[in-house]
2 protein chains.
Amino acid sequence: MPAASALRKFATSFSDEPMGPLSSEVQQLGEFLHVPVGEIAKFHSSEKPLIVFVASGAVKLTAQVGLDREQIIAFGFREEMIALSENSRVPYELQALTACKIVGCSLAELAKTLTKDEYCAERLITQLLSALEDSRERLVLLGRMTAQERVASFLLDLTERIAAIKNGIAVIELPMSRREIADTVGLTIETVSRQLSQLREHGILQTNGRSELVILDLDQLRRLASRSK
Amino acid sequence: MPAASALRKFATSFSDEPMGPLSSEVQQLGEFLHVPVGEIAKFHSSEKPLIVFVASGAVKLTAQVGLDREQIIAFGFREEMIALSENSRVPYELQALTACKIVGCSLAELAKTLTKDEYCAERLITQLLSALEDSRERLVLLGRMTAQERVASFLLDLTERIAAIKNGIAVIELPMSRREIADTVGLTIETVSRQLSQLREHGILQTNGRSELVILDLDQLRRLASRSK
DNA sequence: CGCTTTATTGAACCTCTTCAATAGTAGTGG
DNA sequence: CCACTACTATTGAAGAGGTTCAATAAAGCG
């Protein structure tokens with residue numbers, strides 16, 4: 001059964017195991033899309049996708065609230081999965097931060113194989129739980145953290161997910177604007193900017209241009225992220 | 001297969017279908033607990049539960065952050081399910097707001113039957129998605145709403161979930177304190193109190209004692225909940 | 001190289017918090 | 001059943017953190 005083995009491969013990436021370049025098999029499992037920068041991902045299948053695998057590039061999942069305000073729900077970076085949830089009052093959008101390749105897989109597609117493959121079933125659940133966990137951690141951030149803690153936490157998260165380690169120090173190539181950072185941590189771009197400046201002044205990080213961040217003092221950053229008062 | 005049919009019954013409550021009094025079958029499926037007011041639910045099974053069904057009473061799921069600050073992640077009321085997520089940095093607690101009966105079911109227990117019962121599989125996923133959706137909607141609330149919008153949204157949510165309709169108007173018997181409301185919507189108890197007073201002054205609701213709320217103008221409340229500026 | 005967009009910085013303002021005092025509620029024992 | 005007590009909620013005034021508005025600086029792009 002080729003489909004099942006493809007799903008298994010697909011499922012491998014549900015959790016922490018690394019996955020190589022996207023195989024043609026995996027591409028066939030769900031709907032494959034190539035999304036240019038700034039574009040909103042539109043899947044054409046009858047059923048909306050439940051899980052999206054980001055093969056390359058970066059995407060943001062946003063909730064449109066009111067006319068001008070948007071809240072970023074989650075980011076999906078290279079080789080990460082992002083869970084959608086379509087039965088909602090708020091309209092969601094999946095938008096490309098950089099040109100990216102993504103695969104969307106619907107609940108129906110997944111459920112079919114779910115009953116046949118216990119491994120896949122657990123992986124899918126693991127993935128949903130991980131999305132749930134992410135979201136709940138962000139509740140704490142948005143509900144109970146100061147601006148400094150928010151920005152520090154955000155940077156730590158990015159460090160773990162997309163930082164390149166050069167000569168022992170973490171370098172982050174930001175795929176998002178200040179506005180998008182602000183919309184993620186529930187602040188204004190001005191406050192985000194001020195917090196970054198402060199971190200720069202304290203020698204915790206360096207900036208090159210608007211998108212390169214060099215984290216100089218990771219320990220200090222961790223300290224700021226959790227309890228500063 | 002009695003276990004599978006019990007799970008099916010259990011699973012029925014995953015979504016929107018109503019479920020009668022807790023059958024003995026369902027009790028056997030997971031670990032059954034009777035938790036007194038204020039106590040923290042402690043399951044004794046080797047595997048931590050993934051899904052908890054609240055047969056009666058009300059519980060809160062909290063994340064402990066720092067020494068004094070707590071963030072309420074979710075409430076579980078009578079006949080609702082609440083999804084846990086244990087693989088986390090933050091310590092979570094499930095605490096009884098009122099004396100309650102709950103059933104905890106672990107991933108392993110669920111996964112076993114998952115492969116055998118497609119219906120159950122979809123239900124479980126639906127439940128996890130619903131928890132995810134809840135959490136994401138609260139991200140918007142905490143990230144982008146004013147105090148007034150937060151309190152109004154909170155009350156609307158409660159109205160849909162636990163309000164008793166008496167003579168055409170909604171009456172809410174609050175199972176939580178002002179502190180718990182504050183910890184849910186990311187405000188202080190003082191601000192929550194002030195917002196309630198304001199709603200009272202505007203004739204939108206009435207209060208009797210500290211726990212009874214009578215919603216007089218639901219439309220107005222809805223208006224305040226989404227876009228007030 | 002100039003133009004547009006995005007980011008940074010400054011100052012005034014506002015919302016929510018903090019601190020403090022009062023009022024109300026519920027629980028206990030006489 | 002009422003008084004006493006402890007806790008919870010409400011209200012007020014001052015303060016702080018973050019927002020808003022405005023101006024400047026820096027990046028990126030044609």
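Note that the coordinates shown come from a computational prediction; the quantities given were computed from them, not determined experimentally. Naming convention: chains lettered A, B, ... in sequence-line order (proteins, then strands); numbering from 1 in each chain.
- Sparse packing is recorded around NE2 of B:H202, with 12 or fewer heavy atoms of other residues, nucleotides or ligands lying under 6.0 Å away.
- Checking the phosphate oxygens (OP1, OP2) of D:dT10, a side-chain nitrogen or oxygen of B:R200 falls inside 4.0 Å.
- Separating the CD1 atom of A:I189 from the C1' atom of D:dA23 is a distance of 14 Å, rounded to the nearest angstrom.
- Remark: B:R179 engages B:D183 in a salt bridge, criterion side-chain N to carboxylate O under 4.0 Å.
- Residue side chain B:Q148 does not reach the base of C:dC16 through any donor-acceptor N/O pair under 3.5 Å, judged by distance alone.
- The two residues B:E212 and B:V214 come nearest to each other via the heavy atoms OE2-CG2, 3.8 Å.
- Nearer to the 5' terminus of DNA chain D, by closest-nucleotide assignment, is the contact made by B:T207 (compared with the other of B:T207 and A:R150).
- The nearest whole Å value for the distance from the CD atom in A:E190 to the P atom in C:dA12 is 16 Å.
- We find that CG of B:L196 is positioned 15 Å from C1' of C:dG24, with the value rounded to whole Å.
- Atom pair A:L187:CG and C:dA7:P shows a separation of 15 Å (rounding to whole Å applied).
- If you check distances only, the side chain of A:R194 never reaches the base of D:dG17 with a donor-acceptor pair under 3.5 Å.
- Taking atom CZ on A:R178 and atom P on C:dA7, their separation rounds to 6 Å, with Å as the unit.
- Considering only the side chain of B:S177, D:dA9 comes nearest among C:dC16, D:dA9, C:dT18.
- A donor atom on one side chain and an acceptor atom on the other are not found under 3.5 Å apart for A:Q148 and A:Q195.
- Closest to the A:S193 side chain, of the nucleotides C:dG24, D:dT19, C:dA7, is C:dA7.
- In this structure, the CD atom of B:Q198 is 15 Å from the C1' atom of D:dG12, given to the nearest Å.
- The distance between atom CE of B:M145 and atom P of D:dT19, rounded to the nearest whole Å, is 16 Å.
- Note on B:T191: every side-chain N or O is 4.0 Å or more away from OP1 and OP2 of C:dT15.
- When the nucleotides C:dT9, C:dT18, C:dC16 are ranked by their closest atom to the side chain of B:Q195, C:dC16 comes out on top.
- The residue among A:G209 and B:T188 whose nearest nucleotide of DNA chain C lies closer to the 5′ end is A:G209.
- Nearest to the side chain of A:T146, among D:dG18, C:dA7, D:dT10, sits D:dG18.
- If A:R210 and A:R144 are placed on DNA chain C by their nearest nucleotide, the residue sitting closer to the 5' end is A:R210.
- Residue A:R179 contributes atom CZ, which lies 13 Å from atom C1' of D:dT20 at whole-angstrom precision.
- Salt-bridge annotation for B:D134 and B:R138: absent, with no side-chain N of the basic residue lying under 4.0 Å from a carboxylate O of the acidic one.
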